[in-house]
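Below is one structure, written out as C-alpha cells; comments come after it.
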Amino acid sequence: MDIQLSNICHSYGSVEVIKNISFNIESGKIVCIVGPSGCGKSTLLRFIGGLERPTSGEVLQLGAVPKDSLNPMTFVFQDFALLPWRTVGGNISLVLEDHGIRGAKANKIIDDVLSRTNLADFKNALPKQLSGGMKQRVAIARALAVNPAVMLLDEPLSALDSQTRELLIDDLVDLWSKKPFTAVYVTHNLEEAVRLGHSILVLSRRPGEIREVVTIDIPLKDRGYGNAELEKQRKYLWEIMRNEAKAADLELINV
Amino acid sequence: MSDKLNVERPEVVKYRGGGFAPKPHRWVGLAVFVVLILMVELGTQTGFISNLTLPKPSDVLITFSELYESGLLWQHLIPSLSRLVIGSIIGISLGVSVGIMIGLFSYVRAGLVPLVAALFPIPKIALLPLFVIWFGIDETSKYALIAFGTFTPTVVATYGAVDNVDRTLIRMGQSFGLSWFSIVRKIVFPGALAGILSGLRISIAIAIILLVAAEMLGAEYGIGAYILEAGSLYDLERLFVGVVILSVIGLLMSAFIGYFERKLLNWRV
Ligand SMILES: Nc1ncnc2c1ncn2[C@@H]1O[C@H](COP(=O)(O)OP(=O)(O)OP(=O)(O)O)[C@@H](O)[C@H]1O
Ligand SMILES: [Mg+2]
C-alpha cells in the first residue's frame with residue numbers, strides 16, 4: 001500500500017502552517033522529513049495518521065490495506081506514550097485487546113515483537129524501571145505488534161542521548177533489513193535522516209513547503225558510521241536547512 | 001596554590017540538597033498520639049487540668065470497655081457504619097461517574113460545573129430538615145445526606161483528575177484505533193485514579209461529619225446519637241468515647257485508602 005499526499009494545505013486560525021505538499025510514500029521505503037522547528041512536520045504526520053484533518057488536500061491510500069495489518073497507520077511518539085501503570089507486556093497487549101486478540105495468541109505476538117526488539121527479558125517490567133532507550137524500544141515493539149502498513153515516527157529518538165540514539169538507529173536498520181516496512185520518519189537530526197531515509201523531504205520554514213527531495217540509493221545496512229557519501233549528503237542537506245533555519249529564527253524574533 | 005591547600009584544610013562543599021522528599025515514618029504519628037494522651041492523663045491526675053475541662057483518658061478507656069462489654073458498642077457502631085458505607089458508596093460512585101462525564105464531554109462540563117460549584121459551598125447539614133421531609137426520618141434521609149455531601153467534592157476531584165490525564169496517552173490510544181470506551185476504561189480512568197483517590201480522603205472525612213450530624217437529629221442508635229446523649233448529660237467520658245470512635249473510623253478509612261493507593265499506584269515513579 002502506497003500513501004499519496006495531494007495538495008495538502010493547512011492553517012491554524014490565521015497562521016498558515018503547511019502549503020501545498022504533494023508527495024508519494026512508496027511501500028517498503030523510509031521517508032524522512034526534516035525542516036526547521038515549527039514548519040509543520042508533526043502536523044503533517046498527524047494528517048497522514050488520521051489524527052487531524054488538513055484544511056484542504058487529501059491523504060490517499062493507494063492499493064489495498066494488507067489484510068494482516070491491525071492498525072495500518074501506526075505512530076511512534078517522541079515521548080514514548082507508554083501507559084505507566086502497565087508492564088511492558090501489558091502495554092503491547094493494550095493495542096491487541098481491542099482487536100479481540102487475547103491470551104495465548106496475544107502472548108505469541110508479544111513475545112515475537114519483544115524478541116525482535118531485544119526486550120524479551122523485560123516483559124514484566126514497569127516503564128518506570130526502564131531507561132529512555134528501552135522505553136522507546138517498547139514503543140517500537142508495540143507499533144510492530146499491530147503489523148502496521150506505515151509506521152509514523154515523530155522524532156522518536158530526540159529524547160535520548162546520542163549513544164542510545166546510535167544503538168536504536170542500528171536496531172531500526174536491523175528491523176528494516178529483516179523485514180522491510182514503510183515509514184515516515186520526522187526528525188531534526190540530519191544524521192538520522194541520512195542513515196535511515198531512502199528519500200528525505202526537506203521542508204521550508206513555516207508555512208512548510210517541499211524545498212527539496214533528496215534520495216539516497218545506498219542500502220540501509222551499508223550506511224555505517226562515517227560513510228563518506230553519507231557525510232556529503234548530510235552536508236548538502238545542512239546547506240539547504242541552514243538558510244531556512246536562520247530565516248525561521250529571525251522570523252520568530254520579529255513576531 | 002598547592003602550598004595554600006596544605007596549610008588550610010580544604011572545606012567540604014556544603015550539603016544543601018535535603019528535604020522536600022516525604023518518607024514514611026509511621027511511628028512518629030503514633031508517638032504524637034501517645035505523648036498527647038500521656039500529657040492529658042498526667043494533667044488530669046495531678047488536677048492541673050480540671051475534670052470539667054477534659055476527662056481522664058484512663059476513665060475514657062474504662063467507659064469504652066464497659067460499652068464494649070454491655071454489647072451496646074455494636075448496637076451503635078453497626079448502624080453508623082452501614083449508614084456511612086451505603087451513603088458514601090452512593091455519593092462517591094455518582095460523583096466519580098459525573099466527574100468523568102464532566103471531564104469527557106464539553107456539554108456536560110458547561111452544564112454541570114456551575115451547578116456543582118453552586119452546590120459545593122452549601123452546608124449540607126442545613127439541608128437535613130429538608131431531606132427528612134423528602135425522604136422521611138428513617139435511614140433514607142441519612143443516606144441521602146451523606147451521599148449528597150460526598151458527591152460534590154468527589155465530582156470536583158474527579159474531573160480535575162481527568163483533566164490532568166496525559167493527553168499524549170489519549171492520542172496514543174486513538175492512534176492505535178482503540179475504541180472510545182477502551183480509551184476511557186484503560187487510559188483515562190487509571191490515569192485519573194490517583195487524583196480520585198486523594199479526593200476520596202476528603203469526601204470520607206466529610207461523610208463522617210455528616211453521619212454524626214444526621215444521627216444527632218434523629219436516630220435511636222448510632223455514634224452520633226450516643227455522643228448527643230452523652231453531651232446533654234455532660235458525661236465527658238462517654239462523649240470522648242464517641243469522639244475517639246469517630247477518629248478511629250476516620251483513621252481506618254484513611255489507612256484503607258492509603259493501602260489502595262500503594263496497591264494500585266505502585267507504578268508511580
Ligand atoms: N493545535 C494547534 N493549534 C494551533 N497551532 C498549532 C497547533 N499545533 C501546531 N501549531 C502550530 O503549527 C506550527 C507547526 O507545528 P508542528 O508541531 O507541526 O511543527 P514541527 O515542524 O513539528 O515543529 P518541531 O520541529 O518543533 O516539532 C507551529 O507554529 C505550531 O505553533
Ligand atoms: Mg514536532
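Being a predicted model, the structure only gives us computed values, none of them experimental. To find a chain, count down the sequence lines: A is the first, B the second, and so on, and within it residues start at 1.
Counting non-hydrogen atoms of neighbouring residues, nucleotides and ligands closer than 6.0 angstrom, the CE atom of B/M101 reaches no more than 12 such neighbours. Within a 6.0 Å sphere centred on CZ of B/R26, heavy atoms belonging to other residues, nucleotides or ligands number 12 at most. Around CZ of B/F105, the count of heavy atoms belonging to other residues, nucleotides or ligands within 6.0 Å exceeds 12. Around atom CD of A/Q4, more than 12 heavy atoms belonging to other residues, nucleotides or ligands sit under 6.0 Å away. Around the CZ atom of B/F256, the shell of radius 6.0 Å holds no more than 12 heavy atoms that belong to other residues, nucleotides or ligands. Within 6.0 Å of the NZ atom in A/K128, the count of heavy atoms belonging to other residues, nucleotides or ligands exceeds 12. Counted within 6.0 Å of CZ on A/R53, heavy atoms from surrounding residues, nucleotides or ligands total 12 or fewer; the atom is thus considered open.
Salt bridge A/D98/B/K186: present, at least one basic N to carboxylate O contact under 4.0 Å.
A donor-acceptor contact shorter than 3.5 Å links the side chain of A/N71 to the backbone of B/S175.
Interface remark: A/E52 contributes side-chain atoms only to the contact with chain B (heavy atom separation under 4.5 Å). In this structure, chain A has no heavy atom under 4.5 Å from any part of B/L193.
Residue with the most contacts toward chain B among A/P148, A/P84, A/A143: A/P84 (heavy-atom pairs, distance under 4.5 Å).
Remark: of the listed residues A/L94, A/L82, A/V76, A/L94 is the sole one forming a side chain to side chain contact (heavy atoms under 4.5 Å, CB included) with B/M172.
The minimum heavy-atom distance between A/L126 and B/W267, with the atom names listed, is CD1-CA, 3.9 Å.
With values rounded to the nearest 0.5 angstrom, A/R86 atom CZ is found 8.5 Å from B/I187 atom CD1. For the atom pair B/Q174 CD and A/R46 CZ, the distance stands at 11.5 Å (nearest 0.5 Å). The distance from the CH2 atom of A/W85 to the CG atom of B/L265 is 10.5 Å, given to the nearest 0.5 Å.
The closest side-chain heavy-atom distance from B/T168 to A/F77 is not below 4.5 Å.
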